[in-house]
Amino acid sequence: MTKTLFRLGYVAMSVNLKNSSPSQTITYKRFSQFADEEAAIQKLETVAKSNIQNCLRLLKHNKANDIHFFRLSSRLIPLATHDALKGWDYISPIKEDLEELGEFAAKHEIRMDFHPDHFVVLNTTKKEVMKTSVKTLDYHHKLLTHMKLKPIHRCVLHLGGKYENKESSLERFISNWALVPARIQEMIMLENDDKTYTLHDILYVCEKLNIPAVFDLHHHMANHEREDWISEWGRVIQTWSASPLPVKMHISSPKSDKQFRAHANMIDPEMFLTFVKKVNGSTPQIDCMIEAKQKDQALFQLVDDLKANSEVEMVDEASFYLKS
DNA sequence: AAGCGTCAAGCATCC
DNA sequence: GGATGCTTGACGCTT
């Protein structure tokens with residue numbers, strides 16, 4: 001059995017690096033209060049530039065800590081997809097910054113992707129929502145291409161809303177998929193959610209449309225037909241067979257029994273190791289996205305816990321094997 | 001500096 | 001069909 005390389009990543013922002021938010025923003029309300037629209041747009045561009053420069057700082061922080069896996073904030077450019085800013089060329093003012101960011105990631109082999117907000121809903125019944133969803137995905141596509149990153153399998157989405165009838169809404173994802181441009185389609189990965197669409201549902205769609213499946217263990221514990229997931233793991237791996245990228249999954253721990261769906265500050269290392277042991281050897285590499293309130297600090301804490309375990313063999317500060 | 005109300009998106013739920 | 005909650009990080013006003 002080949003060993004699996006596990007790499008850890010975290011989401012969008014750091015609790016260690018001060019004043020490094022990649023998600024500073026101007027709300028539409030504030031934007032519309034500017035007397036001078038040109039000044040307002042200039043303000044948006046200043047914020048966008050700062051967000052991307054902060055991303056670069058985060059990437060340097062990642063490099064210093066051997067972190068090769070990172071989720072970018074989807075809020076890099078405030079109001080980029082807002083209706084009131086149609087025609088605004090939001091790329092030109094930050095073109096060089098995006099290139100610099102992408103070059104740094106490429107040079108230091110940092111896998112980057114996005115998780116667009118939950119109002120990107122591809123199984124919607126409304127034409128308008130479909131339009132803004134594709135528009136938002138196109139914004140992500142633009143960011144990726146200007147970072148000179150191949151936009152393949154870079155955006156994790158959920159299947160969408162239930163709309164009273166889960167089965168027909170699931171099928172609507174499949175019929176709406178035909179309305180999505182091919183270059184947007186190839187960016188997408190699909191993740192099981194904690195309320196409606198289970199791993200089983202996601203696999204059905206992923207296999208049908210050839211989309212990689214991102215398994216979220218925490219969501220699965222909150223929402224499943226059967227608690228057992230390992231019997232489906234082979235299918236999850238299989239959805240990645242045509243991808244240039246390694247298998248990716250999401251790891252988080254429940255905040256409490258009462259607030260089970262909410263994310264805890266840290267990752268429960270025992271739960272994580274139990275998972276790791278089950279999937280070890282199934283594929284050469286699994287990138288584990290740590291989704292915890294304490295962001296990079298949760299990753300560092302988990303690494304400390306792993307180092308204390310004699311079954312774990314660290315490769316660097318954020319990657320490891322299980323000893324055979 | 002800290003705390004609280006506000007903002008933004010779409011869906012779910014309730015009336 | 002309209003109001004409210006969900007969720008999250010950030011803004012901005014008040015103390």
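Note that the structure is predicted; figures quoted are calculated from it, not measured. Letters A, B, ... are given to chains in the order of the sequence lines, protein chains preceding strands, and every chain is numbered from 1.
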Peer 1: Any base atoms under 4.0 Å from Ser21(A), or only sugar-phosphate, or nothing? Heavy atoms, all strands.
Peer 2: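 Touches sugar-phosphate only.
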Peer 1: If you take the centroid of each ring, where Trp contributes its six-membered ring, are His108(A) and His68(A) closer together than 6.0 Å?
Peer 2: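 Centroid distance His68(A)-His108(A): not below 6.0 Å, so no.
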Peer 1: Using the salt bridge (charged side-chain N to carboxylate O under 4.0 Å, His left out) rule, collect all pairs that involve residues 173-195 of chain A, keeping only residues at least two apart or in two chains.
Peer 2: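 Checked against salt bridge (charged side-chain N to carboxylate O under 4.0 Å, His left out) - neighbours excluded - the pairs reaching residues 173-195 of chain A are Asp138(A)-Arg183(A), Asp194(A)-Arg261(A).
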Peer 1: Apart from Val315(A) itself, what residues make up its hydrophobic cluster when side-chain heavy atoms of I, L, V, M, F, W and Y under 4.5 Å apart count as a link, directly or indirectly?
Peer 2: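 Leu5(A), Tyr321(A), which link up through side-chain heavy atoms under 4.5 Å apart, make up the rest of the cluster.
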Peer 1: Which residues, ordered by chain and number, are linked to Val121(A) in its hydrophobic cluster, where ILVMFWY side chains connect at heavy-atom gaps below 4.5 Å, directly or through other members?
Peer 2: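 Traced through the cluster, Val121(A) reaches Val129(A), Tyr163(A).
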Peer 1: Should the ring pair His158(A) and His219(A) be called parallel, tilted or perpendicular, given that the plane angle runs from 0 to 90° and is split at 30 and 60?
Peer 2: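 If you compare the ring of His158(A) with that of His219(A), the planes turn out tilted.
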Peer 1: On a whole-Å scale, what distance lies between the P atoms belonging to dT7(C) and dG3(B)?
Peer 2: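 Here dT7(C) and dG3(B) have their P atoms 22 Å from each other.
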Peer 1: Within the structure, does a side-chain N or O atom of Gln24(A) lie under 4.0 Å from either OP1 or OP2 of dC11(C)?
Peer 2: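 For dC11(C), OP1 or OP2 has a side-chain N or O of Gln24(A) closer than 4.0 Å.
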Peer 1: In which stems does DNA chain B show up, taking only runs of three or more Watson-Crick or G-U wobble pairs whose two distances fall under 3.5 Å?
Peer 2: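 Stem segments, range with range: B:1-8 with C:8-15, B:10-15 with C:1-6.
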Peer 1: Round to a whole Å and report the spacing from CZ of Phe31(A) to P of dC11(C).
Peer 2: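 For the pair Phe31(A) CZ and dC11(C) P, the rounded distance is 17 Å.
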Peer 1: Please name all residues satisfying salt bridge (Lys or Arg N to Asp or Glu O under 4.0 Å) with Asp228(A), sequence neighbours left out, ordered by chain then number.
Peer 2: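 Asp228(A) satisfies salt bridge (Lys or Arg N to Asp or Glu O under 4.0 Å) with Arg226(A) only.
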Peer 1: Give every residue pair that meets the salt bridge (charged side-chain N to carboxylate O under 4.0 Å, His left out) criterion with at least one member in residues 38-56 of chain A, sequence neighbours excluded.
Peer 2: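 Matches after skipping sequence neighbours: Lys49(A)-Asp97(A).
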Peer 1: Hey, what are the protein-to-nucleotides 1-8 of chain C N/O distances that come in under 3.5 Å?
Peer 2:
from, atom 1, to, atom 2, distance (Å)
dT7(C), OP1, Arg261(A), NH2, 3.4

Peer 1: For Phe173(A), which residues count as a ring pair (Phe, Tyr, Trp, His ring centres under 6.0 Å) partner, sequence neighbours excluded?
Peer 2: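 Residues passing ring pair (Phe, Tyr, Trp, His ring centres under 6.0 Å) with Phe173(A): Trp177(A).
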Peer 1: Indicate whether the side chain of His224(A) and that of Thr198(A) have a donor and an acceptor atom separated by less than 3.5 Å.
Peer 2: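 Result is no, nothing qualifies.
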Peer 1: Flag the pair His115(A) / His140(A) as yes when their ring centroid distance falls below 6.0 Å, and as no otherwise.
Peer 2: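 No; His140(A) has its ring centre 6.0 Å or more from that of His115(A).
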Peer 1: Other than Met289(A), which residues form its hydrophobic cluster under the rule that side-chain heavy atoms must be closer than 4.5 Å?
Peer 2: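 Reading the cluster by chain and number, Met289(A) sits alongside Val11(A), Phe69(A).
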Peer 1: Taking any atom closer than 4.0 angstrom to a non-hydrogen atom of chain A, what span of DNA chain B does the protein reach, first nucleotide to last?
Peer 2: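 Endpoints of the contacted stretch of DNA chain B: dC7(B) to dA12(B).
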Peer 1: Any residue in residues 154-180 of chain A with a heavy atom nearer than 4.0 angstrom to DNA chain B? Just list them by number, or reply none.
Peer 2: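 Listed by number, they are Gly161(A), Lys162(A), Tyr163(A).
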Peer 1: With sequence neighbours excluded, what pairs up with Asp113(A) under the salt bridge (Lys or Arg N to Asp or Glu O under 4.0 Å) test?
Peer 2: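 Per chain and number, Asp113(A) pairs via salt bridge (Lys or Arg N to Asp or Glu O under 4.0 Å) with Lys248(A).
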Peer 1: Could you check whether Phe215(A) and His220(A) have their ring centres less than 6.0 Å apart?
Peer 2: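 Centroid separation for His220(A) and Phe215(A): below 6.0 Å.
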